[in-house]
Amino acid sequence: MIKDYFLNNVENALKNAILKGNLGQMNDYTPNSLVVEKPKNPDFGDFAVNVSSLARVARIAPPAIANAIVAEIDDKDNEYSVIGGFINFKAGQKLLLAAIEEIFKKKEAFGRPENIDKEKIILEYVSANPTGPFHIGHGRWAAMGSALANLLKFYGHEVYQEFYINDAGSQIQKLGNSLAIRIRQKMGEDVDFPTDELERKNYYPGDYLIPVAEKFVENSAEILKGTSLEVKDFCKPVQSEETLNILCDFAKNEMENLQKALLENFRVNFDNFYSELTLHKSGKVDECVNKLKASGKIYTKDGADWFRSSDFGDDQDRVIKKADGANTYLTADIAYHIDKLERGFDRMINIWGADHHGYVARVKASIEALGYDPNKLEILLGQLVNLVINGNEVRMGKRKNMVTLDDLIEEVGVDATRFWMCMRSIDNTLDFDIELAKTNSDENPVFYVQYAHARACSILRNATESKIDTETGKSIPAPMSVSEFDELVNNYKSEILAPTLDSARKLVLKLEEFKSLIKLSAETRQVYTICRYVQELAAEFHSFYNANRVISDDKELMKSRLALVISVKQVLNNALNLLGVSAPERM
RNA sequence: GCGUGUGUAGCUCAGUUGGAUAGAGCGUUUGGCUACGAACCAAAAGGUCGGGGGUUCGAAUCCCUCCACGCGUACCA
């Protein structure tokens with residue numbers, strides 16, 4: 001990377017200057033403490049290092065330090081200048097040409113770092129209850145999670161994406177009982193969900209179970225094969241254990257299928273769906289409880305078993321087995337995380353909604369109590385999503401104004417939904433403005449970026465296509481032949497770019513920046529940086545396009561600019577791929 | 001109360017680990033198409049970085065304190 005090249009030169013020169021005694025006594029100097037930044041004023045250069053931090057140790061004024069360092073730099077290909085305590089750097093032709101050459105050479109792999117500490121990562125996200133359709137909040141985790149998976153894979157890690165199905169516990173009973181009411185309605189009974197608010201909480205009154213009930217009734221013969229039951233056996237106010245189990249299983253299955261279909265449509269591809277129920281059945285949960293007991297971190301109070309999580313930094317101890325003998329949600333979650341570790345992952349990354357933040361300390365505590373390294377668990381807490389409709393915020397969470405993710409995607413499309421869900425830092429609540437996301441105008445960053453890609457494709461098409469003059473009716477030959485174009489793509493030499501380099505400095509630097517971006521985004525786990533980058537790159541390209549005509553009679557200049565367009569197209573593709581947003585050839 | 005996140009231009013947000021004159025997009029104003037896609041570009045106006053203290057040569061960034069808003073604070077999942 002150009003900025004690393006620069007930093008490296010500065011660091012080496014600094015060492016030499018110290019050895020020569022030109023920087024006074026640098027006893028307390030910590031090596032590699034300098035940071036490369038971008039100059040506020042682009043006239044100063046492409047990159048800069050501020051050496052003021054060395055002034056205190058060296059007891060020399062910052063400009064003198066900067067000059068002493070620059071004096072030790074032996075690099076005639078690039079420009080170094082000192083202003084105040086800053087060493088400014090302007091990349092010479094060689095570095096810029098090499099950047100584009102690298103794009104042609106690596107193509108879809110451009111941006112991947114060379115040497116990284118590869119980790120085997122399990123990334124868990126969405127992990128919803130199979131009790132209903134996704135709401136828009138799930139959409140944020142789905143979009144961000146899959147983009148993060150793409151990014152970490154691209155970076156070089158091994159990434160396993162997992163969805164934890166919360167299919168155990170009382171909410172499934174609620175689901176089964178709710179389906180029973182819908183079935184009875186379908187069968188013509190005059191029943192409805194309780195109107196009493198407290199009682200209503202034991203049901204899912206949303207419309208989405210109506211088609212499930214229809215399906216159940218229509219296919220009842222098949223569903224109930226092997227039992228002595230009929231549909232009318234389900235039309236009772238209180239379900240038997242047998243009928244309830246059937247209802248629960250059926251409804252749960254339907255909901256899971258609904259969710260899986262949506263995820264696929266949303267370009268979210270999990271490697272595994274891990275059922276909480278199978279975790280219980282496997283005995284792993286009990287095993288975990290026993291291990292915790294053996295470690296002496298469990299005590300009994302008020303008839304329940306408590307885990308001493310406060311010994312590991314949690315605010316208070318947590319119940320792990322209720323007085324009625326049932327495990328809590330936490331108990332299963334502990335077993336689940338231990339299971340992940342036992343499956344051999346180096347790192348577990350979870351994306352959780354901010355409403356779960358209280359769980360971080362207790363899960364980490366359990367991992368530590370069981371003798372594992374809690375630092376292997378990295379929890380990314382995401383702030384929630386607000387929907388903005390006609391300029392008004394609509395709070396999510398209340399079932400009443402629930403907008404499902406299906407509806408949202410249908411309304412604004414997969415590309416725009418994914419981009420909008422990813423475009424803000426995970427620490428910020430996200431305002432999702434439906435109207436804005438829908439518009440195909442400059443108010444919408446997705447289209448701005450996609451337009452840049454389509455425009456690049458259009459130019460490349462024009463390069464090899466003949467045209468007909470609308471006035472004279474004569475055919476205008478193609479600016480270059482297809483074989484010439486292929487030659488440019490496949491046998492790119494860096495000299496080709498030279499004629500346009502001066503007018504495209506900023507664009508080339510932005511393209512090269514993709515490498516730094518990947519490193520930054522992957523290491524900080526923040527995908528919104530990709531959204532920003534892609535907008536900046538598109539802006540540089542549009543600007544270049546308006547200032548320079550690509551297709552022209554000057555063949556060398558045309559090839560040169562075409563090479564740049566090809567590079568832009570490639571890098572936009574690479575970046576949009578990570579986001580799971582399409583890069584259209586035409587719009 | 002405690003925990004946690006946020007507060008930067010009219011709006012939505014960046015700000016790379018303390019540095020140069022605080023930056024983008026939208027909106028507003030002005031200019032640019034008989035030329036490769038104007039879904040674009042160029043330019044201007046717009047700021048007490050929530051308030052107040054402190055550390056430092058230097059603070060949007062670190063510390064303290066106060067204010068406002070979101071989320072959490074279950075033997076629910």
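Below, chain A is the first sequence line, B the second, and so on; all start at residue 1. Just so it is clear, the values below take in all heavy atoms, side chains as well, and ignore hydrogens, waters and symmetry mates. Predicted model only: the values in this text are computed from it and were never measured.
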Taking the [atom1] atom of each, how far is [N] from [M], in whole Å?
{"N": "B:U73", "M": "B:C11", "atom1": "P", "result": "32 Å"}
{"N": "B:G47", "M": "B:A39", "atom1": "P", "result": "32 Å"}
{"N": "B:G10", "M": "B:G46", "atom1": "P", "result": "11 Å"}
{"N": "B:U8", "M": "B:G51", "atom1": "P", "result": "10 Å"}

- Query: Is the number of heavy atoms from other residues, nucleotides or ligands under 6.0 Å of A:Asp196 CG greater than 12?
  - Reply: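 Yes, CG of A:Asp196 has more than 12 neighbouring heavy atoms, counting only those of other groups under 6.0 Å.
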- Query: Looking at A:Phe44 versus A:Phe86, is the centre-to-centre ring distance below 6.0 Å?
  - Reply: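 No, too far apart.
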Taking the minimum atom-to-atom distance to the side chain of [X], which one of [options] wins?
{"X": "A:Arg532", "options": "B:G70, B:A39, B:G23", "answer": "B:G23"}
{"X": "A:Tyr448", "options": "B:C40, B:A20, B:A77", "answer": "B:C40"}
{"X": "A:Gln383", "options": "B:G70, B:C13, B:A20", "answer": "B:G70"}

Can you pull every protein N or O that's under 3.5 Å from an N or O on nucleotides 72-75 of chain B?
unit_1 : atom_1 : unit_2   : atom_2 : d
B:C75  : O2     : A:Ala323 : N      : 2.7
B:C75  : N4     : A:Asp302 : O      : 3.1

For [N], what is the paired nucleotide under Watson-Crick or G-U wobble rules, both distances under 3.5 Å?
{"N": "B:U34", "value": "none"}
{"N": "B:C2", "value": "B:G72"}
{"N": "B:A9", "value": "none"}

- Message: On RNA chain B, compare the nucleotides closest to A:Ile551 and A:Ser52; which residue's is nearer the 5' end?
- Response: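 The 5'-side residue here is A:Ser52.
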- Message: Quick check: on RNA chain B, is the nucleotide nearest A:Thr429 upstream (toward 5') of the one nearest A:Asn546, or the reverse? Name the residue that is more 5'.
- Response: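 It is A:Thr429, whose closest nucleotide lies nearer the 5' terminus.
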[Y] and [X] aromatic ring geometry - parallel, tilted or perpendicular at 30°/60° bounds:
{"X": "A:Phe432", "Y": "A:Trp420", "value": "tilted"}
{"X": "A:Phe89", "Y": "A:Phe47", "value": "tilted"}
{"X": "A:Phe134", "Y": "A:Phe163", "value": "tilted"}

- Message: My understanding is that only one of A:Val70, A:Val51, A:Val82 makes a side chain to side chain contact (heavy atoms under 4.5 Å, CB included) with A:Ile65; could you say which?
- Response: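 With A:Ile65 as partner, A:Val70, A:Val51, A:Val82 yield a single side chain to side chain contact (heavy atoms under 4.5 Å, CB included), made by A:Val51.
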